[in-house]
Amino acid sequence: AAGIRLEDGSAHHSDYTIAACDGHTVLFEMLEGQYVDDKTKAAYETLQTFPSLVYFSAGIAREVTEVPPSIIGLNIPLNPAIQIGDYTHGRASFQFYTFDPTVAPPGKTLVTAMLDTDYASWQQLYEEGEAVYRAERQRISQALLEQIDQQVGNIKGQVDFVDLATPITYKNWTGNHNGSYEGWLPTPEASKARLATHFKGLANFYMAGHWVAPGGGMPPAAYTGRNAVQLICKQEKQYFATHPG
């Protein structure tokens, strides 16, 4: 993205481009690796990413009053344990949104769970064909529904919908490297890494987000965006103010 094209065909190019999306997609696909320095290339080859995950959600056609409201959810043992990719889960946290009336119609309850997994296993399933991939999603969804039924009872016949997002979902919709839900895992190696936000030969281009600051989550997204604007202000010889006025 370097600007916008209007319906009449006219193009308006941006003065600057800030890439806040997946770093690997930007550097090695969109820019075809042309501007990547050796340190950045080595980081993408060696640093660990946060594991990917499956995100389970189900709509229950009744109010699940058996579970008290909690912002951290209900952590329960899984019996039997559930294999998800290379990960074996003996426990899982389920969030029952009984405290939020905006996420489900009256008299119904949304329940979700996030469980770590690996990207490679799901990529292999996906390459084996849609039937194999969908069957594995169905197996995991049904196993999690069984665990909820054991915990609160009487939900198997009251499921309005069930869905399972996988690492392939994240890769297809966001492009995120390795299907990771955050960026670089904050390992000792990552903490020492200094990932470039702009590159020689590529004018007026900056990167922001969790691929230029190990740790993942909202804080790196916020402060790397701030840093990108500060660099632009420096280039434009404008005073950078951290607040209006």
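Throughout, residue positions are numbered sequentially from 1 according to the sequence presented. Here the structure is a predicted model, which is why all the values come from computation and not from measurement.
Looking at Tyr87 and Leu115, their side chains never come closer than 4.5 Å, going by heavy atoms from C-beta outward. Side-chain contact between Pro186 and Phe50 is present, with heavy atoms from C-beta onward closer than 4.5 Å. The side-chain heavy atoms of Tyr170 and Leu53, taken from C-beta on, include a pair separated by under 4.5 Å. Put simply, the side chain of Val67 reaches to within 4.5 Å of the side chain of Val152, judged on heavy atoms. Contact annotation: the side chain of Asp15 never approaches that of Asn204 to less than 4.5 Å [non-hydrogen atoms, C-beta and beyond]. Using a 4.5 Å heavy-atom cutoff, the side chains of Val111 and Val64 are not in contact. At a threshold of 4.5 Å between non-hydrogen side-chain atoms, the residues Tyr97 and Thr102 do not count as touching. Annotation: side chain of Gln95 is in contact with side chain of Phe99 (closest heavy-atom distance under 4.5 Å).
The structure places CD1 of Ile82 at 8.0 Å from CD1 of Ile140, a figure rounded to the nearest 0.5 Å. Here the straight-line distance linking atom OG1 of Thr65 with atom CZ of Phe96 works out to 11.0 Å at 0.5 Å rounding. In this structure, Gln138 CD and Tyr133 OH are separated by 13.0 Å, a value rounded to the nearest 0.5 Å. Atom CZ of Arg226 sits about 5.0 Å away from atom CD of Gln230, to the nearest 0.5 Å. With rounding to the nearest 0.5 Å, the separation of NE2 in His177 from NZ in Lys171 is 7.5 Å.
Note on Leu110 and Leu145: separate hydrophobic clusters, where clusters join Ile, Leu, Val, Met, Phe, Trp and Tyr whose side-chain heavy atoms are under 4.5 Å apart, directly or indirectly. Met114 and Trp122 fall into different hydrophobic clusters, where Ile, Leu, Val, Met, Phe, Trp and Tyr side chains are chained together by heavy-atom contacts under 4.5 Å. Taking hydrophobic clusters as Ile, Leu, Val, Met, Phe, Trp and Tyr residues chained together by side-chain heavy-atom distances below 4.5 Å, Leu164 does not share a cluster with Tyr55.
Apart from Leu47 itself, the hydrophobic cluster it occupies contains Val26, Leu27, Phe28, Met30, Leu31, Tyr35, Val36, Tyr44, Trp184, Leu195, Phe199, Leu202, Phe205, Met207, Trp211, Val212, where clustering links Ile, Leu, Val, Met, Phe, Trp and Tyr at side-chain heavy-atom distances under 4.5 Å. Through chains of ILVMFWY side-chain contacts below 4.5 Å, Ile18 is grouped with Tyr16, Tyr206, Leu231, Ile232.
Nearest heavy-atom pair across Gly215 and Pro220 is C-CG, 4.5 Å. Closest approach of Gly179 to Tyr119, counting heavy atoms only: N-CD1, 3.8 Å. The heavy-atom pair separating Ala81 from Thr88 by the smallest distance is CB-CG2, 4.0 Å. Closest of all the heavy-atom pairs between Gln83 and Arg139 is O-NH2, 2.6 Å. Of all the heavy atoms in Thr174 and Asp22, the pair that sits closest is O-CB, 4.1 Å. The two atoms that bring Ala113 and Phe94 nearest to each other are CB-CD2, 3.7 Å, heavy atoms only.
Gln34 CD: more than 12 foreign heavy atoms inside a 6.0 Å radius. Applying the 6.0 Å contact sphere to CG of Asn75 captures more than 12 heavy atoms from other residues, nucleotides or ligands. No more than 12 heavy atoms of other residues, nucleotides or ligands sit less than 6.0 Å from atom OH of Tyr239. The number of heavy atoms from other shown groups lying within 6.0 Å of CD1 (Ile72) does not exceed 12.
Checked by atom type and distance alone, the side chain of Asp86 never pairs as donor or acceptor with a backbone atom of Asp118 at under 3.5 Å. When atom types are taken as modelled, the side chain of Ser141 and the backbone of Arg137 share a donor-acceptor pair closer than 3.5 angstrom. A donor-acceptor pair is defined here as one N or O able to donate and one able to accept, closer than 3.5 Å; such a pair exists between the side chain of Thr117 and the backbone of Ile84. Checked by atom type and distance alone, the side chain of Asp163 never pairs as donor or acceptor with a backbone atom of Ser57 at under 3.5 Å. Looking only at distances, a side-chain donor or acceptor of Asp37 sits under 3.5 Å from a matching main-chain atom of Lys39. The backbone N or O of Ser180 lies less than 3.5 Å from no partner atom in the side chain of Thr49, so there is not a single donor-acceptor pair. The backbone N or O of Asp116 lies less than 3.5 Å from a partner atom in the side chain of His89, making a donor-acceptor pair.
The salt bridge (Lys or Arg N to Asp or Glu O under 4.0 Å) analysis of residues 192-213, with sequence neighbours excluded, yields no pairs. Applying the salt bridge (Lys or Arg N to Asp or Glu O under 4.0 Å) test to every pair with at least one member in residues 172-182, sequence neighbours left out, gives no pairs at all. Within the structure, side chain to side chain donor-acceptor pair (under 3.5 Å) pairs that include any residue of residues 143-155 comprise Glu146-Lys156 (at least two apart or interchain).
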**OP:** Walk me through it: do Val159 and Ile60 pass the test side chain to side chain contact (heavy atoms under 4.5 Å, CB included)?
**Re:** CA-CA 5 Å; Val159 178; Ile60 311 302; 4.3 Å; yes
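With sequence neighbours excluded, the residues satisfying side chain to side chain donor-acceptor pair (under 3.5 Å) with Glu66 are Arg62.
A donor and an acceptor atom, one from each side chain of Asp8 and Ser10, are located under 3.5 Å apart.
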